[in-house]
Protein chains: 2
Amino acid sequence: MALEHAILVSLAERTASGYDLTRRFDKSIGYFWRASHQQIYKVLGRMEADGLVSSKAVPQQGRPDKKIYAITEDGRATLLAWSREPTSMEPLRSAFAVKVRGLPYGDRDAVLADVRRRREQHLATLAFYREDEAHTFGDPAALDSAQTAQYAVLRGGILLEEAGLAWCEEILALLSDPSARPDGSATP
Amino acid sequence: MALEHAILVSLAERTASGYDLTRRFDKSIGYFWRASHQQIYKVLGRMEADGLVSSKAVPQQGRPDKKIYAITEDGRATLLAWSREPTSMEPLRSAFAVKVRGLPYGDRDAVLADVRRRREQHLATLAFYREDEAHTFGDPAALDSAQTAQYAVLRGGILLEEAGLAWCEEILALLSDPSARPDGSATP
DNA sequence: TATTACATGTAACGCGTTACATGATTCG
DNA sequence: CGAATCATGTAACGCGTTACATGTAATA
């Protein structure tokens with residue numbers, strides 16, 4: 001049900017077409033919640049039927065019509081009611097964790113290569129987030145309430161990436177058996 | 001597709017009934033991958049049809065028959081091949097992040113209460129993991145390869161919980177506006 | 001007496017991914 | 001000439017949750 005709420009938050013900020021929402025979900029909100037255009041169109045259709053959003057067709061030249069969606073009063077009320085429900089703690093659900101756990105039944109070198117690849121990925125994402133942090137939220141004390149909320153979410157992304165990075169490094173330290181190295185310099 | 005692989009890893013360690021697997025998914029592997037018994041039975045049925053596992057019915061007294069599943073050669077080969085594929089970086093998909101992002105459109109006090117509740121949850125889970133760490137993996141240098149893999153996964157859980165905890169604390173620091181406190185002791 | 005453990009499933013429904021489908025405009 | 005951008009969808013399929021269904025035995 002959370003894609004619905006993510007869309008409501010996005011439309012509460014400003015109106016958008018399905019296409020616009022798709023692009024928004026490629027950044028900002030989408031750093032932490034992905035959704036394809038197919039899914040967004042499907043959910044928008046249901047949300048309009050439920051009265052949470054309304055749409056207005058906007059004819060265009062040489063392009064298909066745009067359908068601009070806006071949040072309704074019902075939509076805002078739904079968002080407020082949702083904010084009062086406690087969120088459940090979603091478990092990891094990580095295929096990577098399963099692979100690490102199953103290391104004795106897999107290809108050790110291939111899995112370690114995957115760990116290194118993921119480490120680089122975390123580093124790249126972190127660099128990206130940190131630039132956003134410095135650029136957009138340079139002075140946290142000067143932010144208004146909407147910006148503070150955005151910044152809090154970005155901080156979550158940074159902390160998660162840092163944890164993922166640290167995990168990769170611990171795995172490499174634990175599993176890169178020194179006695180298996182060519183130089184044979186095993187720890188005592 | 002990862003539940004399939006989680007089951008294969010579990011059965012590679014030792015045979016089990018669907019019921020046994022359900023309980024295993026409540027701890028160990030299941031600290032990081034949840035699955036209900038309904039889902040496990042469904043997937044086991046398909047996996048048997050695909051030849052990844054085989055089953056043997058074991059009659060019991062005063063209880064329904066047990067179906068003991070074992071991994072097949074095909075299943076082991078599938079697991080090995082899977083270990084060679086790189087894992088994709090799954091995005092957060094966190095309803096909590098959406099809620100924090102949408103704070104200006106929600107009930108501020110209710111959301112902050114939820115943050116505090118989650119903080120306590122992270123603390124409780126961390127305490128649980130840390131006891132497991134001290135109890136089962138007290139001396140990391142003395143672990144065999146299977147135990148080392150298990151320990152690496154537990155470390156991931158600990159790092160993630162620590163990140164979640166730190167996030168909650170940052171959110172509270174960012175959003176608990178001092179000027180809104182009854183004593184009015186705002187920071188300069 | 002009620003709940004927990006043991007043991008296996010079916011059915012309905014929503015969420016999410018991948019593939020398919022169409023068609024104009026603009027940039028390299 | 002091909003790729004990207006703009007713009008909207010359908011169809012098929014797998015994953016995951018919730019509710020429903022059945023029945024015994026031990027424990028509190």
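Here is the naming used below: chain letters follow the sequence lines, and residue numbers restart at 1 for every chain.
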So if I take every side-chain heavy atom of [X] and compare against [options], which nucleotide ends up nearest?
X       : options               : result
B:Gln39 : D:dA12, D:dA7, D:dC15 : D:dC15
A:Leu3  : C:dG16, C:dG9, D:dA7  : C:dG16
A:Tyr19 : D:dA19, D:dT8, C:dT8  : D:dT8
B:Arg93 : D:dT10, C:dG16, C:dT8 : C:dG16
B:Lys67 : D:dT17, C:dT18, C:dT8 : C:dT8
B:Gln38 : D:dT18, D:dA7, C:dA12 : D:dT18
B:Tyr69 : C:dG9, D:dA7, C:dG16  : C:dG9

Quick check on [N]: is either OP1 or OP2 less than 4.0 Å from any side-chain nitrogen or oxygen of [X]?
X       : N     : answer
B:Arg23 : C:dC6 : yes
B:Ser17 : C:dT8 : yes
A:Gln60 : D:dA7 : yes

Closest non-hydrogen atom pair, B:Leu3 against B:Ala35: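 Of all heavy-atom pairs spanning B:Leu3 and B:Ala35, the closest is CD1-CB, 3.8 Å.
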
Could you tell me the separation between the [atom1] atom of [X] and the [atom2] atom of [N], rounded to a whole number of Å?
X       : N      : atom1 : atom2 : answer
B:Met47 : D:dG14 : CE    : P     : 15 Å
B:His37 : D:dC15 : NE2   : C1'   : 16 Å
B:Tyr41 : D:dT22 : OH    : P     : 17 Å
B:Arg46 : D:dC13 : CZ    : P     : 14 Å
A:Asp20 : D:dC6  : CG    : C1'   : 10 Å
A:Glu90 : C:dC15 : CD    : P     : 15 Å
A:Asp65 : C:dT22 : CG    : C1'   : 15 Å
A:Asp26 : D:dA4  : CG    : C1'   : 14 Å

Ion pair present between [X] and [Y], side-chain N to carboxylate O less than 4.0 angstrom?
X        : Y        : answer
A:Lys99  : B:Glu85  : no
A:Arg130 : A:Glu161 : no
A:Arg23  : A:Asp20  : yes

Which residue lies toward the 5' end of DNA chain C, A:Lys42 or B:Lys42, if each is placed at its nearest nucleotide?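 So the residue in question is B:Lys42.
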
Which word best sums up how the rings of A:Tyr129 and A:Phe32 line up, parallel for under 30°, tilted for 30 to 60°, or perpendicular for over 60°?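 The arrangement is tilted - the two ring planes meet at 30° to 60°.
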
